[in-house]
2 protein chains.
Amino acid sequence: MTDTDTQIPDDLPQRVRTITDLAKIAGVSAGTVSRALSGNSLVNTKTRQKIEAIAREHGFRPNQMASKLRRQKTGAVGVAIPLGHDERQQISDAFFMTLLGHLADQLTEKGYDIMLRRVIPSQDEDWLDRFIGSGMIDGVIVVGQSDQFERIEDVADGYLPMVVWGNHQEGQRHCVVGTDNRLGGKLAAEKLIASGCKSLAFLGDTQPIEFAARFAGAKDVAEKMGVSIRALPTHLSRDQTGEEIAEHLLEIEGKIDGIFAATDTIAVSCLKELRDRGIDVPAQLKIVGFDDLPISSQTIPPLTTVRQDIAAGARGLVDLLLRRLAGEDTESLVLPPQLIVRGST
Amino acid sequence: MTDTDTQIPDDLPQRVRTITDLAKIAGVSAGTVSRALSGNSLVNTKTRQKIEAIAREHGFRPNQMASKLRRQKTGAVGVAIPLGHDERQQISDAFFMTLLGHLADQLTEKGYDIMLRRVIPSQDEDWLDRFIGSGMIDGVIVVGQSDQFERIEDVADGYLPMVVWGNHQEGQRHCVVGTDNRLGGKLAAEKLIASGCKSLAFLGDTQPIEFAARFAGAKDVAEKMGVSIRALPTHLSRDQTGEEIAEHLLEIEGKIDGIFAATDTIAVSCLKELRDRGIDVPAQLKIVGFDDLPISSQTIPPLTTVRQDIAAGARGLVDLLLRRLAGEDTESLVLPPQLIVRGST
DNA sequence: CGCATAATTGCAATCGTTTGCAACTTTATC
DNA sequence: GATAAAGTTGCAAACGATTGCAATTATGCG
């Protein structure tokens, strides 16, 4: 017997917190309320309406935690962003953010909530198991393999509802959605060579497997066509990029006439540096980027780039995840890149 | 007696799913396991170590849902992004994404998970109550007031742990973190006028209260200095923006010598359109943006803009929310904007 | 050794919802 | 009007972890 009961005699609109409170008011059992509110069950229409009315009136919402515990499902999907290679690369990276935005749009549409987790694998060995085992999510989307390929493979064997954004390797065990990076690299190099370049450079880190594949694709073409190509490593975080590119440019000035940038972000910085040095693009040097970020059409000159269809990627990730949640063991999805020719080549 | 019990005699490594399973193996009670795993309680060191060892060995993780139900707290913070004015404005908007990135960094650091929810208020009257009442989150950060000012005010009266990104109005009841938009508008107009502009335009929708405040600030200055200023409405979603700006430019050609864009995104599109028309910036027309997005330093010419310190904003949001979670009724935080002078003025 | 006190541990209730089953009402059918 | 079938509802046992309280064991001290 609480204070409230003692002081307030009867039917004052006490706060309706639980389904049982509501049941008491409606004069039915908790089970019936539960069924009425969940909509689909067998409960008399009049009863249902009465219960719904009371619920609305008191602004009642069933406790999700209890519901999820009982039903053993959460209605939430985890989105993990491992920041492996470059700890200074914040989650605020343009490409990831765009993908995340589309994921959010997609998942919301399908009625799932999104549990976002930023992960630094080097500080937490166990990140993926923890996330999955947390009991907070029904499935997980991993955005970017980073340097965690093996760990992801390990988990994939015992956990179906996981889809990963990244690069597809022959014979891998986890389900991945991503662009055909190698083909993308090919397209980029072909374009540069077709535009008359004789000596290429790949601007970007070649460690992450996506980038490695882009470089490999370009290299294939270059070698076949008898054109030289070299890799110039760069970090991803924006503040470092500028200087690094500047150094590279000094070094290669005059020796290189075509640049394939690992990402548009790098390409844009590069355009900037070139302009500051008075080097004309595309007359003196041609550039192809990768991603086709929204910025890329706004640069001067507009950037020729290899487009990744991020929206389609997000749709694919969500679609495959939902099918896996339903128990299907889906194949990976490799999306074709598309060369967007603008002014920088 | 289950099948498993009958078929498998003894100590086969059956899957340890619950704290009770683990307790059985360790030969103690569930309560003890719970205490051991939660670390801080009074449990014999040796017992604790044994339990921890078994837990590790079986990769056991306590079910969060059950824990959260019992403890009545979730360890997750909701981040809601209401898309009011412009349904076509996706969550993928650059400014929101950047803020979200910083929020994710901050909250992760403080040990909170992030429940992301994209909301279209016109389709769901009740979005905020639902989110709060879902029992999934301990508190909520609302990113952008959109046209939901009143609804947010209503909720604020009865729900402490909520912080909102947006504009501060005299006497408002909800706790807000945001830039002083009016002052920002002032700075922008002052700069344009100081650079010699005689006739200004504000490029952007003036409905959202943040933008309205920016325009108001600019107007104050313009009127005081005897300079004309007019508003040219634009949408936010990128695809529409281009055409709209083009139309405006046609209309104002020659009559205007300074543009204050409501956001950098608009300013960047505008730069592009101007260039396509052969109008020189800053010689013929000067532009100031708002936000200082990463792109803005990369445009040609680099954009003069009013900087919002997004990282500081995110820190503020998280800090205030944590204090509110602890029961404190915090004041709003208004951040000073900073004029960044680059090449477009 | 006996008793008081402290340190551990077990017990059982609890968090709020869902759901199989049984019980009870209607309605339909002959 | 009796009987079967269908439609509704209530009951109570889960879901899995936490925690106040009681019970047990270990330790200290005279």
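Just so it is clear, the values below take in all heavy atoms, side chains as well, and ignore hydrogens, waters and symmetry mates.
At a threshold of 4.0 angstrom between heavy atoms, the contacts of B:T18 are confined to the sugar-phosphate backbone, with no base atom among them. Using a 4.0 Å heavy-atom cutoff across all strands shown, B:V28 reaches sugar-phosphate atoms only and no base atom.
B:K24 places its NZ atom 12 Å from the P atom of D:dG16, with the value rounded to the nearest Å. Rounded to an integer number of Å, the gap from A:M65 CE to C:dT18 P is 13 Å. Put simply, CZ on B:R48 is 10 Å from P on C:dT8, counting in whole angstrom units. The nearest whole Å value for the distance from the CD1 atom in A:I19 to the P atom in D:dC11 is 15 Å. Remark: P of C:dT17 and CD of A:Q72 are 16 Å apart, rounded to the nearest angstrom.
Between B:L69 and B:S29, it is B:S29 whose nearest contact on DNA chain C lies nearer the 5' terminus. Toward the 5′ end of DNA chain C lies the nearest nucleotide of B:T32, the other residue of the pair B:R71 and B:T32 mapping further downstream.
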Check step by step if salt bridge (Lys or Arg N to Asp or Glu O under 4.0 Å) holds for A:R61 and B:D129. CA-CA 9 Å; A:R61 312 235 172 260; B:D129 297 287; 5.6 Å; no
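Between the side chain of A:R117 and the backbone N or O of A:A80 there is no donor-acceptor pair closer than 3.5 Å. In this structure a side-chain-to-backbone donor-acceptor pair under 3.5 Å is missing from A:T330 to A:R324.
Each of C:dT17, C:dT9, D:dG16 was ranked by its minimum atom distance to the side chain of A:T20; first place goes to C:dT17. When distances are taken from the side chain of B:F60 to each of D:dA17, C:dC21, C:dT9, the shortest belongs to D:dA17.
For the OP1/OP2 pair of C:dT17 and a distance below 4.0 Å, the side-chain nitrogens and oxygens of A:S67 include no atom meeting the criterion.
Scanning both residues, B:I209 and B:F149, for their nearest heavy atoms gives CD1-CD1, 3.7 Å.
Put simply, the side chain of B:R35 and the base of C:dG10 share a donor and an acceptor less than 3.5 Å apart.
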